[in-house]
Visitor: 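Just passing along the structure, written as structure tokens.
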Amino acid sequence: MAPWLAQALPPAVVLVSTLAALVIFVAGEAHQRLRIWVNLIAATIKLLLVVWIGLAVLAGNTFMFRFELLPGLELILHADALSILFASLSAVLWLVTTVYAIAYLERSPNRARFFGFFSLCVSATMGIAMAGNLMTLFIFYELLTLTTWPLVVHNGTPEALAAGRSYLRYTLTGGVVLLVAMAWLYGLAGNVEFTPGGFLAPLVAEHRIALSVIFAMLVAGFGIKAALIPLHGWLPKAMVAPAPVSALLHAVAVVKAGAFGIIRTVEDVYGLELVAELGMRIPLIAVAAWTIIIGSLLALREHELKRRLAYSTVSQVSYIVLGIAVGGLLATSGGMVHLVHQGLMKVTLFFCAGIYGLLLGVSRIDQLDGLGRRMPWVSTAFTIAALGMIGVPPVVGFVSKWYLASGALAADVPWVVGVLIASALLNAAYFLPLIRRLWLTEGGALAEMPIEIGALSRLALVASAVATAALTVVLGMLAAHPLSPLSWVLEIASGYAPW
Amino acid sequence: MSGEVVFVLAAAAIFGLGVHGLLTAGHIMRKLLALNLMLSAVFLLLIVVPARIDGLPDPVPQALVLTGIVIAVSTTAFALALMVRLFRRQGHAAIHPDVDPRMLGHVTGRTSAGPQEEHDRGSGSR
Amino acid sequence: MNPAVLLVGLVFIPLVAALVAVILPVRFRRPVALLGALAWPLLLVPLSIAVARDQTLTLVFGGWTPPLGIGWRLDALGLVLLWVHALAGIAALPGAWHRFGPKVVAAAPFWPLWLILSTGVNAALLAADLFNLYVSLELTTLAAVALIATDDGIAALTAAMRYLLLGVLGSLMYVLGVGLVYAQTGSLAMDQADAAAIRDVALVLMLTGLMVKAAIFPLHVWLPHAYGNAPGPVAAIMSAVVGKVALVALWRIWFQTAADPPDLLADLLGLVGAVAIVYGALAAYMQPRLKMVIAWSSISQFGFLMLLLPLASQTAFQGAGFHLLAHGLAKAAMFLAAANIVTVLGSDSIRHLPGLDKRMPLEAFTLALGGVTLIGLPPSGGFTGKWMLLTAAWEQQGWFWLVLIALSGLMSAAYVFRILALTCFHPARRAVHELHARPPKITSLAALLLALLAVIIGLYPHPALELLGRGLPGGAS
Amino acid sequence: MVTLLANGLPVLAPIVVAALLARPGRIRAAAIAAAPWLPLLLFFPLLLHRPSALSFALLELRLGADPVSAPLIVLCGVAWSLAGWFAAARVRRDRVLFWSGWLISLAGIALALLAQDVAGFYAGYSALSLASWLLIIHARSEAARRAGRVYLVLALVGEMAVFAGIVAIASEAGNAVLAELVDGTCAAPGWHWLILAGFAVKMGILPLHLWLPLAHPVAPVPASAILSGVIVKAGLLGWLRLVPPGAGGSELFGPALLALGMLTAFAGVALGLAQRRVKVVLAYSTISQMGLVLAAYAALLMAPASFEALLPWLGVLILHHGLNKAALFLACGCAPGRSVLRGVLVALPALAIAAAPLTTGMLAKTGLKAMLGEAGVGYGWTLVLSLSSTATALLLWHFWRLVRQEREYRTAHPAWVAMTVAGLILPWAWAVTHGLDLHLAGALWPAAWPLALAAALIASRRLLAPKLEIDVPAGDLVVVLEKAAAGLGAATRRIAGSGHFQIPNLYPVHVRLTRALLWLERKMTSLPVAGLLILGLGGLLWLVARLADF
């Protein structure tokens, strides 16, 4: 591959959607057709680019873009297997979510603003995926905060504004914590790129405590977006945003960015061995386990559909952290692959919840009665994704759980299996009643809302939900296929696993 | 007690008086007078303090004071003009510690929401 | 030719233009002033090249050496601020041009005053001796007060008067200090050979006087009303440079004249800055008017810049200098946008802001970009400055400063996002209905470009950092 | 390709047909018409007997029939088809729901039967578990909902226990091939208990039997038939698959399991005798019989060496109980009290279950005794085994009396007859084709005396205690547990409701702060204060500077 191409592609992946955002902002509200095309074309191009890079990485090419931001502080965009994992997830789901969002917001105001920030948000996510050092990751992480906030408050209702405030409070504080941690870390270690297995080991003799504190701060900073309890408070409130935003927040961008940051911290900055040596591994596992359980319990308490889904995210995203912290080939793979799997399942759930809300005005759980018959496709998609969350094979959730649990045993933390099982039971406890209501309870006298949405849009909405649901099943059924996320992740994890 | 010290003390006293006047006087005119008093004190000090032991006058402070006088004159003139403008607009020549009255709108005894919410909800009134 | 000769132009082009403008009939003042205001920034290009090569340029007039003669010198910090001045000034011109047309009464004094302000600022930045600095600062203050008074409202006049009185008090304290310095050392030069002697009363008087001018909390009381009530372009240029000129002078005196000030004093001044950061942000968050929010934000940011004193390292200087640059650009852009908003809505009460993003998208965008810089989110100029200061704090194990610097962004975020939420995302329930004529688009674009620049310098900060990295203000290291 | 098709089709076909149900009209009708006969596809892999590996699917899926699953495949193919035939005629309400549950269960059990790897097996098993829930709640009555709830909770908990055990295997060996587990490569014994307990839920082993007596009465008749006849046996398959005789240390807990099995056998009868509804009685009978199956499994654990040899006997046991129990359940839907012929058709499988001489039950008992003999347990256990026949006979007598009262008009469906006949023949055929030593003559007396004893007991009970009526609610322990759970829930709600945690409202602070700031600003803006501040700060700086000098 030509050197200039190896340099240009990573920023290109990031900039594609920035460009789209610019066009959308400049074109303004009126040019709907242009906006749709720009959105779709940019999403497709981005997907193709990611696939291209992915195949090239598979073939052994390296991609590296460097830019000296400050003296001794570089902006590095690179593409390793882990980047590709996250990038391809974002690219695929961006395409689907764009289709969904176009249909979802067919008649609503302020679409230019919405789609502009939507694209910027994906830009930031791509930047996070491609980041080659902590600083780059941080920069895009903050950009992500900035670009998602307009989406969260998009509706402009008092609740939305309150949610936006809460979101900012949490994420900006997280950013500050990260900033301090990074200033400290850069001071100690200088400007170092992500290195599989970490690069801090030489410092441990001298700066043991400092490294521990920095690690805790980094995890806390990223943990706010990853919604580790008790840093999760913003996530359920952010539910007031339009459904595509929730889907994006929960599946692609924000919480995933946090989880991805933790992955990078643990694997590429510290290295799990060092984390264990600092005595931070078990606490990290404990935090993740605690989040998994408490998140599920909180979800059980909610009667608002999207809020329940939100708490479910809180719980599920911690699987990723759990897998990374447990370590070893199996658990690391389980955690990383959950990045993709949880994304697919959760995006489906939110798509469906959005469709129910938009077309039927359904927001509470007790309004779900009998919807299976009225919207069989959507409800089937919802059911599949929910079952996947519980971990029912052959949906992808099972694959994650399988690897996580067996990895926990292999890494000699058997109690984690108990956590996973408890979580699966709790998941069942809060998802199965929904499924029962959908299919087995007679519908109430819920009047159909006057649907102001065209047939094509309706089709797009349903199709996106069905597509992602189908993907969850297909990826689960073909988990062992050499091109599946699982195989990809196993490849990555074999480079990391210290035990 | 040498002569210098007397001058310095005098200058300090005049400066202090000026400051007092500048801060506490009600009418702007008085404030400006106090200001000029302070200027005089400064000039006095500038002339006295750098005086060399050998008794020869140092030209630099004198040049400085000359410049200072120019500035003082222009400042006073400008301040007077401003005072006149203010007098014409508000009918008297004094300045008030007027915090923006709209800020009071925040603090109507509301119990349920913060000031910002008040703005958000559109029910704010003074 | 010695490039230092060009320094003359920086001061004399606006001065001469001002004189010419005063002489000419009112309707010619505007174009003359425009020429003058556009001409002197052209000199910055060769000057930048020269400074990049020679570090500092020194010019002594007519063979008279200081202390009697007048000497000018241009260093990196001065150059940076000159650029801010130039850029903010040029960006403010369209708005001023539109607002102070020949039929407006206030236009007659406005244009000459505008040029005199430029003269004063440039001279203050070039001043190589303490007294010269006093004269320039006084000129700047007077011009600024007069410009504020062009608004002619009671609020503006009162604010101007208060600014004038307190400013003069500050200058007098400063000049007292200068006198004492001269008495102690027999020199007025800023880079004192016998720096150790500059202590106590002299130093404290100068510092206090300059702190009043720089509106460092708790000596800030003149600023919010002055900026908040000044005409838009005036507020822009004032927030961009006028306060900062005094701050730069303070830095120079600190590092240059009083080369080895006690650490305790530095810590105290840093602490004052810390309180300013918090207090300013808090007050900004509670303001009911957009311009007041922006003005209070300046108080917070000036406090931030005070942190250079306790940190006092090359990295910290780079950070603070860069923050000066980014903040100047962003703040000017925000004031210009606010000016347009006032023009169109007839008010800048934040209650009238909802729906702004549809009526005035460029202004909303400008506010957003400027806000991002103020918060110091990456990648913006504000972030670069913040990061350098953080690094400096780390290098000295100054944990308190480190945490403070990190938290300052959070506090800025509170007021910035409050404004953004109101402007862009609030349902337009209470928005005003009658809109005034929109100022020409170029005014909006100028503000936007300035805000964009504030962000872009964060992506390519090397030239500025390179310049600032050569030594503390005035060449001390 | 053919192999793959033959192995994969029994799993895929039901899913495809289930998907077709979504289209109303002719397609749905065709799907329902085809559905009953899909289980027959299972015979392809059985006959082919050649496994195939799908390295891309799931976690490297392997499919194929083997001797362990063979009897279950036969049972499933026959019983599920006949019950399906019955269901096609009888189930009228909510057909889509019923048939999707039916077909997904079928796909699940097919996968569980054919999978040769751990993950595949688990996938099939859990699909089966969840989908059979749909069959249980089909009636949508309050009782059905309750039964569904209890079933689901138990099934999920059981499944999670299995999952824990499975990942213990996976952590050692990845997605292990089942056949390799026999060599003892599986996880530590602690995990075995979890696996055993998890599958025991499906089997209805005491005390995890709670769902059976609730579920069977509410499920449609054909669904009960397969639940009781086939699906419960999936638990046995799980045991055999994941804790095969010979797996590390498994022989240690043979005796305990044997005792538990026998206890379940008698307890099932005792609880069943106290029931008043036909299908509940049958459910308890199933529990009791599963206790015997557990005993058989325990015996195999204790004699791992002769596992291969005893496997056909296990097949007889499975086929015997599965078909006969299915026949009895189908009988419940055919008004057996209406004619003598129908009475005979009910009596035949009932006698078989009670292990009357010359029935398949006798054959099964012979097999059990053979197993116990191989296991080397004492004669006492054989006696207990015989006594269990007496107990079963008592229970089935109870059943007979109840079922004869069912005479509301219903046509007898040919599927019932076919099932009964299959129950009579297939176990014999299995025994013969596998060349088992039947000991017919020697088995007659051991089979006869327990029955005689039972008859004597029945007769004497009429004499001794005619009034004795014990009433145990269906599901026994469930009632207690439900009450406890309700109490706990109420208590939690009380606690949670009283001191509801609330974040303090920050507004007053906010207002106070604003007021304070306002006041401060007003003060500071006035010139005297401002000046004082200037002077004060200057003074402070001076003081500090002086201090620093010293």
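Below, each value reflects all heavy atoms present in this structure, side chains not excepted, and no hydrogens, waters or symmetry copies.
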Visitor: Does the side chain of Lys386(C) come within less than 4.5 Å of Leu179(A)'s, by heavy atoms?
Guide: yes
Visitor: Given a strict heavy-atom distance threshold of 4.5 Å, which part of Phe365(C) is in contact with chain A: side chain, backbone, both, or neither?
Guide: neither
Visitor: For the atom pair CG (Leu377(C)) and OG1 (Thr145(A)), what is the distance rounded to the nearest 0.5 Å?
Guide: 7.5 Å
Visitor: Taking atom CG of Leu34(A) as the centre, does the number of heavy atoms from other residues, nucleotides or ligands within less than 6.0 Å exceed 12?
Guide: yes
Visitor: Nearest 0.5 Å, please: how far is CG in Leu172(A) from CG in Leu407(C)?
Guide: 11.5 Å
Visitor: Which heavy atom of Phe138(A) sits nearest to which heavy atom of Pro378(C), and what is that distance?
Guide: CE2-CG, 3.9 Å
Visitor: Using a cut-off of under 4.5 Å for heavy-atom pairs, which of His154(A), Arg169(A), Glu142(A) has the most such pairs with chain C?
Guide: Glu142(A)
Visitor: Which residue out of Leu420(C), Val403(C), Thr391(C) racks up the most heavy-atom pairs below 4.5 Å with chain A?
Guide: Leu420(C)
Visitor: Report the distance from atom CG of Leu188(A) to atom CH2 of Trp394(C), rounding to the nearest 0.5 Å.
Guide: 4.5 Å
Visitor: List the steps and the verdict of ring-ring contact (aromatic ring centres under 6.0 Å, His included) for Trp387(C) and Tyr186(A).
Guide: CA-CA 11 Å; Trp387(C) 176 259; Tyr186(A) 269 77; 5.5 Å; yes
Visitor: Would you give the length of the straight line joining atom CG of Leu75(A) to atom CG of Leu459(C), rounded to the nearest 0.5 angstrom?
Guide: 8.0 Å
Visitor: Hey, what do you get for CH2 (Trp399(C)) to CH2 (Trp184(A)), rounding to the nearest 0.5 Å?
Guide: 5.0 Å
Visitor: What part of Met182(A) gets within 4.5 angstrom of chain C, counting heavy atoms only: side chain, backbone, both, or neither?
Guide: both
Visitor: Please say whether more than 12 non-hydrogen atoms of neighbouring residues, nucleotides or ligands are located less than 6.0 Å from CD in Glu206(A).
Guide: no
Visitor: Provide the closest heavy-atom pair for Leu402(C) versus Val180(A) in the form atom of the first, atom of the second, distance.
Guide: CD2-CG1, 3.1 Å
Visitor: Output the distance between atom CG (Leu73(A)) and atom CE (Met388(C)), rounded to the nearest 0.5 Å.
Guide: 9.0 Å
Visitor: Chain C heavy atoms under 4.5 Å from Phe140(A): which part of the residue, side chain, backbone, both or neither?
Guide: neither
Visitor: Minimum heavy-atom separation for Val176(A) and Ala406(C), please, with both atom names.
Guide: CG2-O, 3.2 Å
Visitor: So do the side chains of Tyr167(A) and Phe417(C) get within less than 4.5 Å of each other, counting heavy atoms only?
Guide: no
